[in-house]
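Read through the structure below, which is laid out as structure tokens, and then see the notes.
Because the structure is predicted, anything quoted here is derived from the model rather than measured. All heavy atoms count here, side chains included; hydrogens, waters and symmetry mates do not.
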Amino acid sequence: MRAGQAARHTFRKRKRRRVLSWNICVIGAGKIGQMIAALLKSSSNYSITVADRDLSALSVLNRQGIATRQIDVSDAAQLAKALTGFDAIISAAPFFLTPQIAKAAKAAGAHYFDLTEDVAATNAVRELAKDSATAFMPQCGLAPGFVGIAGAALAAEFDTLDSLHMRVGALPLYPTNALKYNLTWSTDGLINEYCNPCDAIVNGERVKTAPLEDYEVLGHDGVEYECFNTSGGLGTLPETLDGKARAVSYRSIRYPGHCDILKLLLKDLGLERRRDLLKDIFETALPRTDQDVVLVYCTAKGMIDGSLREKSLINKSYARKINGQVWSAIQVTTAAGVLGVVDLMRTGALPTQGFVRQEQVALSDFLNTEFGRLYRAGDATQQNKAA
């Protein structure tokens with residue numbers, strides 16, 4: 001059996017139980033929460049409620065016919081009571097709220113999913129999963145999330161895996177500033193990626209590497225990009241591939257010049273120690289955009305039938321219209337990432353108890369879900385781009 005294949009297919013042949021519709025609560029009515037809600041609302045397999053403390057954000061969803069509930073996540077007792085009766089909870093809230101939301105989901109007897117890239121938050125979820133009667137599956141968005149599913153599928157094609165390098169970028173289509181960047185998702189999550197230590201496998205050993213290092217240049221479709229280490233994107237893959245690969249890494253994709261400016265801000269000006277100030281600068285100076293592109297660029301090298309081979313998996317997604325509304329590429333790919341695995345769990349293709357990893361998901365199964373198919377449309381032509 002090829003490297004990584006056992007982990008991905010452990011539950012693939014589980015006996016399918018009768019499939020029922022699920023009642024889902026999404027916590028967080030921000031940009032990603034709204035996309036998740038819109039996709040679930042259009043599916044006949046789910047009913048959806050969105051919870052947040054921000055009434056103005058909830059009112060937007062109310063006008064679209066989506067059920068909402070005002071909840072203060074900081075009140076643990078209120079939160080656990082409010083989550084009772086749901087089949088699954090999806091946290092689209094900031095990473096620092098992850099532990100209390102996951103704890104409330106456990107108390108309510110619901111399956112739990114989130115989008116966090118934060119390693120400490122994921123470790124807290126893993127602890128909650130140890131004696132749980134329901135499933136806990138964190139890190140389900142784009143990176144970590146889909147990229148882990150794609151990377152594990154690529155690794156499984158080799159008899160012996162030498163290296164697996166995964167790179168993801170959520171980028172503006174039309175960069176105009178020196179950073180060549182616009183905000184497309186959580187600023188807190190972005191800063192975490194740039195400042196926190198990065199999990200990797202180097203020379204066969206699991207290590208922590210420094211963010212912004214291991215710089216490389218690559219090209220795709222005639223566009224030049226730069227890549228560098230960032231935190232959180234690998235999820236649990238270094239643990240799964242420990243002892244099975246010489247090198248495993250995750251890097252963020254940006255337009256050339258971005259990394260040098262980040263080093264000036266974070267290292268020379270010391271803003272890595274002033275994340276609150278850095279967040280204020282980013283959100284004041286960098287506009288948000290829905291005209292974006294998401295590029296997933298995975299490369300693996302190893303032995304196949306006695307020969308040294310290299311294979312790549314590339315997926316490119318643009319902003320697009322879904323049900324008459326324009327959604328950014330990062331909204332679509334992140335929401336599809338979590339909902340694809342939710343659908344697989346609902347249909348019995350994933351374990352429904354304990355801690356579940358992204359690499360336990362078969363890529364082909366994921367892409368055949370009603371939400372995973374959005375990635376199949378990812379390698380888009382100009383016709384797929386939102387006007």
Side-chain angles (χ1 to χ4, degrees), residues 1-12 116-123 125-127 129 137-139 142-169 192-218 225-253 259 296-314 355-363:
M1 183 173 288
R2 301 193 193 281
Q5 200 168 17
R8 289 198 309 116
H9 293 292
T10 300
F11 293 93
R12 194 176 180 185
T116 188
E117 80 293 330
D118 187 75
V119 175
T122 299
N123 288 339
V125 173
R126 189 195 292 250
E127 284 298 312
M137 193 171 188
Q139 302 184 310
L142 169 64
F146 172 76
V147 70
I149 298 170
L154 200 58
E157 296 186 31
F158 293 82
D159 298 316
T160 304
L161 181 66
D162 176 73
S163 61
L164 174 64
H165 299 297
M166 295 181 292
R167 314 164 187 92
V168 176
N192 264 359
E193 287 194 351
Y194 288 160
C195 295
N196 291 351
C198 312
D199 291 313
I201 296 177
V202 178
N203 294 324
E205 300 290 333
R206 288 176 60 193
V207 299
K208 295 284 187 180
T209 59
L212 310 185
E213 299 302 325
D214 293 328
Y215 183 91
E216 65 176 344
V217 175
L218 58 85
Y225 302 98
E226 65 180 21
C227 309
F228 47 87
N229 292 347
T230 53
S231 177
L234 279 180
T236 55
L237 261 180
E239 183 179 339
T240 299
L241 294 178
D242 189 17
K244 301 175 183 177
R246 179 187 59 83
V248 178
S249 70
Y250 174 84
R251 294 164 190 160
S252 283
I253 298 172
C259 188
V296 176
Y297 198 122
C298 303
T299 304
K301 182 174 68 174
M303 302 300 293
I304 299 176
D305 297 329
S307 176
L308 182 63
R309 301 284 299 277
E310 182 174 89
K311 291 191 175 189
S312 295
L313 186 156
I314 299 173
F355 186 77
V356 185
R357 307 167 187 243
Q358 299 302 313
E359 52 269 32
Q360 290 175 248
V361 179
L363 179 61

Original post:
Can you check side-chain contact (heavy atoms from CB on, under 4.5 Å) on Val202 and Thr209, steps first, answer last?
Top reply: CA-CA 9 Å; Val202 178; Thr209 59; 4.3 Å; yes
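- For the pair Val168 and Ala143, the tightest heavy-atom approach, listed with the atom from each and the gap, is CG2-CB, 4.0 Å.
- The shortest non-hydrogen separation linking Arg167 to Cys298 is NH1-C, 4.5 Å.
- Side chains of Val248 and Leu234 form a contact here, defined as non-hydrogen atoms less than 4.5 Å apart.
- The two residues Cys227 and Leu218 make their nearest non-hydrogen contact at SG-CD2, 3.3 Å.
- Side-chain contact between Met137 and Gln360 is absent, with no heavy-atom pair separated by less than 4.5 Å.
- Summarising the geometry, atom CZ belonging to Phe158 is positioned 8.5 Å from atom CG belonging to Leu308; distances are rounded to the nearest 0.5 Å.
- The backbone N or O of Gly233 sits nowhere less than 3.5 Å from a side-chain atom of Gln139 that would complete a donor-acceptor pair.
- Between Val356 and Pro138, the closest heavy-atom pair is O-CD, 4.2 Å.
- The shortest distance between side-chain heavy atoms of Asp199 and Tyr250 does not fall below 4.5 Å.
- Taking each heavy atom of Asp214 and Asn229 in turn, the nearest pair found is OD2-ND2, 2.8 Å.
- Shown here are the side-chain contact (heavy atoms from CB on, under 4.5 Å) partners of Ala120, two or more places apart in sequence or in another chain: Asp118.
- Atom CD of Glu239 has more than 12 neighbouring heavy atoms from other residues, nucleotides or ligands inside a 6.0 Å radius.
- Here the CG-CD distance, from Leu363 to Gln358, works out to 12.0 Å after rounding to the nearest 0.5 Å.
- Using a 4.5 Å heavy-atom cutoff, the side chains of Ser252 and Glu193 are in contact.
- Contact check on Arg309 versus Glu157 returns no salt bridge, with no Lys/Arg side-chain nitrogen under 4.0 Å from an Asp/Glu carboxylate oxygen.
- Met166 pairs in a side-chain contact (heavy atoms from CB on, under 4.5 Å) with only one of the listed residues (Thr299, Val147, Leu313), which is Val147.
- Taken from CZ in Arg246 to CG in Asp162, the straight-line distance is 4.0 Å, to the nearest 0.5 Å.
- In this structure, the separation between NZ on Lys311 and CD1 on Ile304 is 4.5 Å, given to the nearest 0.5 Å.
- Annotation: the span from Ile253 atom CD1 to Tyr297 atom OH amounts to 8.5 Å, rounded to 0.5 Å.
- Contact of the Thr236 side chain with the Phe355 side chain is registered, since non-hydrogen atoms from C-beta on lie closer than 4.5 Å.
- Side chain of Thr160 to main chain of Gly302: no donor-acceptor pair is present (N/O by atom type, distance under 3.5 Å, no hydrogens or angles).
- In this structure the side chain of Lys244 never reaches within 4.5 angstrom of the side chain of Leu161, judged on heavy atoms.
- We find the CG-CD distance between Asp242 and Glu205 to be 7.5 Å, quoted to the nearest 0.5 Å.
- Side-chain contact between Arg357 and Arg126 is present, with heavy atoms from C-beta onward closer than 4.5 Å.
- Pairing each heavy atom of Arg206 with each of Pro238, the nearest pair is CD-O, 3.6 Å.
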